[in-house]
Protein chains: 2
Amino acid sequence: MAHPRTDTRKQILDLAAALLQDRGFSAFSYHDIAQQLGVRNAAVHYHFPTKCDLGIAVIQRYRHRFQRYIEILDQGGADPMLKLEAYFTIPWGYLRDGGKVCPLGMLETEFYAIPEAMRVEARSLDQEIRQWLTQALREGRDQGLFRFQGTAKDKALLMVATLQGALQISRVVGRDGFSACVRQLKWDLGLVSS
Amino acid sequence: MAHPRTDTRKQILDLAAALLQDRGFSAFSYHDIAQQLGVRNAAVHYHFPTKCDLGIAVIQRYRHRFQRYIEILDQGGADPMLKLEAYFTIPWGYLRDGGKVCPLGMLETEFYAIPEAMRVEARSLDQEIRQWLTQALREGRDQGLFRFQGTAKDKALLMVATLQGALQISRVVGRDGFSACVRQLKWDLGLVSS
DNA sequence: GTCTATAACGTGATAGAC
DNA sequence: GTCTATCACGTTATAGAC
C-alpha cells in the first residue's frame, strides 16, 4: 500500500546514515545517494539543500531514535541489566550490518573536517547517550548488579569509548574481536560470562 | 647545519601523518601539504606519485618507528610495567599534539574508503602493535604485576580499542576524558591509581 | 628537485523547465 | 518533486621547461 517514491526524504536519510557509518561523511557524495536511489543529483538537493543540512538531519535522527529507544525501555520498566543488554544491541546491529562503525566514532575522527553545526549535533548525541548510560550504571551499582571502581560517569565514558573502538578494530581483526571486547566489558562490571 | 629543503620527503611525510591524524586520509589533499611546505603541487607528486603511495609510506613509517621504539625498550631491559607506561605515552602524545587521534583508528573508520594496498599496511601495523602488547601483558601477568581475566591477546585487543576510542571521544568531551579512561584501564589490570 | 601549465574528473550547488 | 543542464571549484595526476 505504501506510496512508492513519496518518502524520498526518508530513503535519503537511510542511505546517508548507511554511507556515513560505512565510509564517513566526507567520503560519500550526493551522486552516491542519488544513484543508489535511482534519482538525480538535484532531487537530493531539493530535500537537503546543502550537505551540512543533510549531515545535521542524519545526526538528529540518531538522537530522536535513541530517545524513543530509551523511552520504550523506561516505559517497559526495564532493570539496569536489561538496559545494558539493550545498549549492547545497538553496536551489535552495526557490526552485523556490513561491519558499520558507530556514527559517533565516525564523526569524532572526522571532527576537524566537518562543519561546526554538525559538531554541535554530534556533541548533543554523545551527551544524551552517555548521560543515559551513566544513570543505568549508577542504578545497577546501587542495586548490586554491577561492580566497578570510580564514578558511573567515568565508567560510561569508558564503555562508550571501548565499544566504538572495538567496532572499528573489528574491521581489521574480524567480528570475533568485538565479542571479545564485550565479554571483557562485562567481566569488568563484575558479571559472569553469559 | 641542517641543509634546508634537502629533506622535503621527510617533511612531506611529517605533514601527511599530522593531517591524517587530524582530519583523515580522504580529507587532506596534495595542495594542503604543498602549501604548508611552501612548495608546489607537482613537487609533492615527485616524491610520492600517487596518494596511495603517500598513504603507504606514512603507515610504513609508523610501523618502522614502532619497531624501533620497542627495540629500544627491549634493549633497555624494560619490565612489563615500564613497557605499559611507554605504550600509554604514545596516545598521550597524540592528545597533547592538538587532539590528534590514533592513526590506526582513523584508518579503520576510513577502511572502506581507502585503497586495498593501504589496508594491507594498516593490518600489519595493527598486528605488530597488538602482538607486542599481548606479549607484554602476558609477561606482566606471569610476573604477578598485572591481573586480568581471559587471554592476554584479548586483553591487548581491549586496551587498543579503548585507547583509540578514548582519543576520539576526547575531541567531544575534552582531554580529561582520556585520563579517565586510562585510569580505569589501569584499575582493570589490578593496578592502584598512580 | 622544483617549477609552470594543464588535463581529466568528481564535487557541491543552482536555474529553470516540466 | 524531479528533471536537464550547467557552473565554479577542488582534486589527483602528468608533461615538459629550468
Side-chain angles (χ1 to χ4, degrees), chain A residues 1-20 22-59 106-107 110-119 121, chain B residues 2-20 22-59 106-107 110 112-119 121:
Chain A
M1 207 46 89
H3 325 166
R5 191 57 45 87
T6 199
D7 46 1
T8 303
R9 188 189 151 91
K10 183 192 177 313
Q11 291 178 269
I12 292 172
L13 287 173
D14 288 341
L15 275 169
L19 286 165
L20 172 72
D22 198 64
R23 299 190 244 150
F25 184 73
S26 31
F28 76 82
S29 68
Y30 273 73
H31 180 72
D32 292 327
I33 294 178
Q35 198 170 26
Q36 289 192 48
L37 216 141
V39 100
R40 291 304 186 168
N41 205 333
V44 185
H45 274 286
Y46 169 80
H47 294 280
F48 303 96
T50 74
K51 202 181 176 187
C52 179
D53 293 329
L54 175 56
I56 290 174
V58 168
I59 306 176
M106 186 63 91
L107 292 167
E110 294 188 285
F111 210 65
Y112 298 153
I114 61 177
E116 173 63 21
M118 283 182 63
R119 294 184 205 172
E121 287 299 321
Chain B
H3 324 166
R5 191 57 44 87
T6 198
D7 45 0
T8 303
R9 190 190 150 93
K10 182 190 180 310
Q11 292 178 269
I12 292 172
L13 287 173
D14 287 342
L15 275 169
L19 286 165
L20 171 72
D22 198 65
R23 300 191 243 150
F25 184 73
S26 29
F28 76 82
S29 70
Y30 273 73
H31 181 71
D32 292 327
I33 294 177
Q35 199 170 25
Q36 289 191 49
L37 217 142
V39 101
R40 292 303 186 173
N41 206 333
V44 184
H45 274 286
Y46 168 80
H47 294 279
F48 301 97
T50 75
K51 202 181 176 188
C52 179
D53 293 329
L54 176 55
I56 290 175
V58 168
I59 307 176
M106 186 63 90
L107 292 166
E110 295 189 283
Y112 298 152
I114 61 177
E116 174 62 22
M118 282 182 63
R119 294 185 203 170
E121 287 299 321

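Order of the sequence lines fixes the chain letters, A, B, ..., with proteins taken first and strands second; residue numbering starts at 1 for each chain.
- For DNA chain C, the neighbouring residues in residues 49-59 of chain A, judged by any heavy atom under 4.0 Å, are P49(A), T50(A), K51(A).
- Atom CG in D7(A) sits about 15 Å away from atom C1' in dT2(D), given to the nearest Å.
- Legend: residues meeting salt bridge (Lys or Arg N to Asp or Glu O under 4.0 Å) with D14(A), ordered by chain and number and at least two apart, are K10(A), R61(A).
- Distances shorter than 4.0 Å separate none of the side-chain N or O atoms of Y46(B) from OP1 or OP2 on dT2(C).
- Taking every side-chain heavy atom of H31(A) into account, dT11(C) is the closest of dT11(D), dT11(C), dT14(C).
- Contacts of A57(A) classified as side chain to side chain contact (heavy atoms under 4.5 Å, CB included), with partners at least two apart in sequence or in another chain: L13(A), F48(A).
- Among residues two or more places apart in sequence or in another chain, the side chain to side chain contact (heavy atoms under 4.5 Å, CB included) test is passed with A34(A) by V39(A), V44(A).
- Atoms CZ (F48(B)) and P (dT2(C)) sit 12 Å apart, rounded to a whole Å.
- One atom, CG of D32(A), and another, P of dT11(C), lie 6 Å apart when rounded to the nearest Å.
- Annotation: side chain of L54(B) is in contact with side chain of V58(B) (closest heavy-atom distance under 4.5 Å).
- Applying the side chain to side chain contact (heavy atoms under 4.5 Å, CB included) rule to A117(A) yields the partners C52(A), I56(A); only residues at least two apart in sequence or on another chain are considered.
- A 4.5 Å side-chain heavy-atom check between L19(A) and Q36(A) finds at least one atom pair inside the cut-off.
- Straight-line distance from the CZ atom of R40(A) to the C1' atom of dC3(D): 8 Å, rounded to whole Å.
- Contacts classified as salt bridge (charged side-chain N to carboxylate O under 4.0 Å, His left out) and involving residues 31-49 of chain B (residues at least two apart or in different chains) are given here: R23(B)-D32(B).
- Of all the heavy atoms in M106(B) and L20(B), the pair that sits closest is CE-O, 3.2 Å.
- In this structure, T8(A) does not reach the dG1(D) phosphate: none of its side-chain N or O atoms is under 4.0 Å from OP1 or OP2.
- Separating the CG atom of N41(B) from the C1' atom of dA5(C) is a distance of 12 Å, rounded to the nearest angstrom.
- Atom P of nucleotide dT11(D) and atom CD of Q35(B) are separated by 10 Å, given to the nearest angstrom.
- Taking N41(B) as the reference, nothing meets the side chain to side chain donor-acceptor pair (under 3.5 Å) condition, with sequence neighbours excluded.
- At the phosphate of dT2(D), OP1 or OP2 sits under 4.0 Å from a side-chain N or O atom of H47(A).
- Distances were taken from every side-chain heavy atom of V39(B) (C-beta onward) to each of dA13(C), dT2(D), dC3(C); the shortest belongs to dC3(C).
- Listed by residue number, F28(A), S29(A) are the residues of residues 22-29 of chain A with a heavy-atom contact under 4.0 Å to DNA chain C.
- Sorted by first and then second residue, the salt bridge (charged side-chain N to carboxylate O under 4.0 Å, His left out) pairs involving residues 45-54 of chain B (not counting sequence neighbours) form an empty list.
- Partners of F28(B) according to the ring pair (Phe, Tyr, Trp, His ring centres under 6.0 Å) rule, which considers only residues two or more places apart in sequence or in another chain, are F25(B).
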Which atom pairs link the protein and nucleotides 15-18 of chain C when you take only N or O atoms and keep those under 3.5 Å?
none

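- In this view, Y30(A) and H45(A) satisfy the ring pair (Phe, Tyr, Trp, His ring centres under 6.0 Å) rule, not counting sequence neighbours.
- Between Y30(A) atom OH and dT11(C) atom P the separation is 13 Å, expressed in whole Å.
- Rounding to whole angstrom units, CD1 of residue I114(A) and P of dG12(C) are separated by 15 Å.
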